[in-house]
Asks: 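Okay, handing you the structure first.
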Number of protein chains: 2
Amino acid sequence: MKPTRAAQHSAEVRARIIEAAGEVFAECGFGGAGVHEIARRAGVNKAMLYYHVGDKAALFGETVTANLGRIHAAVAAAVAAHTAPRERLKAIPRAFVATVREHPYLPQLMLREIAAGGPNLPAAALAEMAEVMRLTAATLDDGARRRAFRRVDPFVTHLMFVGALMFMANALRLKGRFANMLPIPAAAAGGLESLSDTMIAIVLDGIAVKKA
Amino acid sequence: MKPTRAAQHSAEVRARIIEAAGEVFAECGFGGAGVHEIARRAGVNKAMLYYHVGDKAALFGETVTANLGRIHAAVAAAVAAHTAPRERLKAIPRAFVATVREHPYLPQLMLREIAAGGPNLPAAALAEMAEVMRLTAATLDDGARRRAFRRVDPFVTHLMFVGALMFMANALRLKGRFANMLPIPAAAAGGLESLSDTMIAIVLDGIAVKKA
DNA sequence: CGATGGTTTAACTGACTGGTTAGTTTAGGA
DNA sequence: TCCTAAACTAACCAGTCAGTTAAACCATCG
């Protein structure tokens, strides 16, 4: 009812802070990140972090929850946009990749969060994760009902997709340093999109030759 | 030529330090880890870290390289122990899992290292990684020659296996907090071994039903 | 015995950390 | 125009950090 100019500005500052926190936490980890640097990148005084958001842990929690929300929204839209099981399943990693393209620090942040074991993860963040997993499960179930998919464990499948994608997104940054010791892999040249598409193709049709 | 008692003791202290460093880096990340805590767990004075190994970055590099070496050795042994392509490929994630069972902090450490982008990774560590990837590639190539496997990108396949495994190993620690919001997944009850076996089965035979 | 050199220790330093607070500026309604 | 509350700042605090140093320990060997 009252989107006064002040309130708008306040929300914008808060958003800037959370975005900056995402970058810094992704680059340095929770322990390595400094609130001073977060304030610097957000272009605000350090005390404003505490005024608008809270202490370092709150900053972290807000950041992670916001990013999980983005992923959830993207995956939900992708699933809704397709009906054919195969295309629908393919769309899930693509939604991840598209979100990552907009927020390049996201995979780093997520990997760090998972590695940390989530001591600073609010329940809301867990709920977002569970929602996304449910979307994968529903897609797999729908595909199985329509005789397009075999019945596979949705929990394992989802973890595999997400884990592999997040890992790949981060591993890509090491590509340059591998140049001397490995033949440059074809699929890596196209970036994360290419890796993702190659992966989903392998998982859909399997590695083993089809038995007669 | 001179495994004097003193030199032996020195090597043992060094090993204790590197083991302790692995634990602490895994739990807290590079930035969050304190050299004081590493020394405490190793049961040595803080200054001994600098005497036997070096500064914090050196400690980290040595730790990561040592653990990658363990994985490399385990995977190499697993590949050598099997000849049938399917069994050989299955053995690779199992080797990972077995190594993780002996060193529970390993997946955490690896995930954090990948997330960090490896600024403290010595070339030796990269070389170990490349060697392991080559083992996967060789297994896939052998399987394809023997008409047991389709030709798939070995780079993507390897990253997918390793990424998914490391991610799952870490995600398992969140299992308890998901209990209220998700039906407890069957495969998760058996721990990482079960998840790994389920995953490899999915990837080998694919999600899609086989076309006639 | 005493000298030697690798090993270990406690004490210390200066830089930096997350977090607070007293006080100032700005916007908006009466 | 004045007043109030929100937004903001600079300075500061107490504690922690990685890293150093000088002195002491101790096994070995002449």
Side-chain angles (χ1 to χ4, degrees), chain A residues 1-64 112-113 116 119-120 122, chain B residues 1-64 112-113 116 119-120 122:
Chain A
M1 228 2 92
K2 282 192 205 171
T4 71
R5 196 169 306 163
Q8 249 177 339
H9 178 68
S10 205
E12 185 207 306
V13 168
R14 198 186 135 92
R16 271 215 324 270
I17 289 174
I18 290 180
E19 189 70 11
E23 287 179 26
V24 178
F25 280 132
E27 286 171 24
C28 314
F30 184 81
V35 292
H36 174 74
E37 176 65 14
I38 295 175
R40 199 189 61 78
R41 292 205 205 180
V44 302
N45 186 279
K46 183 168 64 124
M48 295 282 68
L49 308 184
Y50 297 86
Y51 181 81
H52 283 287
V53 185
D55 66 6
K56 198 182 179 183
L59 226 36
F60 188 70
E62 289 292 317
T63 298
V64 173
R112 282 209 143 98
E113 182 43 40
N120 299 318
Chain B
M1 236 349 100
K2 279 194 199 170
T4 71
R5 197 168 304 162
Q8 250 177 342
H9 177 67
S10 211
E12 186 209 305
V13 168
R14 198 185 135 92
R16 271 215 322 271
I17 290 174
I18 290 180
E19 189 70 12
E23 287 179 27
V24 178
F25 281 131
E27 287 172 23
C28 314
F30 184 81
V35 291
H36 174 74
E37 175 65 14
I38 294 176
R40 200 190 61 78
R41 292 205 205 180
V44 302
N45 186 280
K46 182 169 64 129
M48 300 313 295
L49 308 184
Y50 296 86
Y51 181 80
H52 284 286
V53 184
D55 66 6
K56 197 181 179 182
L59 225 37
F60 188 70
E62 290 292 316
T63 298
V64 173
R112 285 205 199 265
E113 181 44 42
N120 298 317

Asks: Is there a side-chain contact between B:Glu37 and B:Glu27, using heavy atoms and a 4.5 Å cut-off?
Replies: no

Asks: Taking CE from A:Met48 and P from C:dT20, how many angstroms apart are they, rounded to a whole number?
Replies: 13 Å

Asks: Between B:His36 (NE2) and C:dC12 (P), how many Å, whole number?
Replies: 17 Å

Asks: Taking OP1 and OP2 of C:dG6, is either one under 4.0 Å from a side-chain nitrogen or oxygen of B:Ser10?
Replies: no

Asks: B:Glu19: what forms a side chain to side chain donor-acceptor pair (under 3.5 Å) with it, not counting sequence neighbours?
Replies: B:Arg70, B:Tyr105

Asks: Take the protein atom OH of A:Tyr51 and the nucleotide atom C1' of C:dG19, then report the distance between them rounded to whole Å.
Replies: 17 Å

Asks: Which class fits the ring pair A:Phe25 and A:Phe60: parallel under 30°, tilted 30 to 60°, perpendicular over 60°?
Replies: perpendicular

Asks: Just the rounded figure in Å: distance from P of C:dT8 to CZ of B:Arg14.
Replies: 13 Å

Asks: Under 4.0 Å: is that the gap between some side-chain N or O of B:His52 and OP1 or OP2 of C:dT8?
Replies: yes

Asks: Can you measure A:Glu37 atom CD to C:dA15 atom C1' for me and round it to whole angstrom units?
Replies: 17 Å

Asks: Filter on ring pair (Phe, Tyr, Trp, His ring centres under 6.0 Å), then keep only pairs touching residues 31-56 of chain B, sequence neighbours left out; what's left?
Replies: none

Asks: Pick out the pairs of N or O atoms, protein on one side and nucleotides 19-23 of chain D on the other, that lie under 3.5 Å.
Replies:
unit_1, atom_1, unit_2, atom_2, d
D:dG19, OP2, B:Tyr50, OH, 3.2
D:dG19, OP2, B:Lys56, N, 3.0
D:dG19, N7, B:Lys46, NZ, 2.7
D:dG19, O6, B:Lys46, NZ, 2.1

Asks: I need the CG-P distance between B:Leu49 and C:dT8, as an integer number of Å.
Replies: 12 Å

Asks: Once you round it to whole Å, what is the distance between C1' of C:dG18 and CG of A:Leu59?
Replies: 11 Å

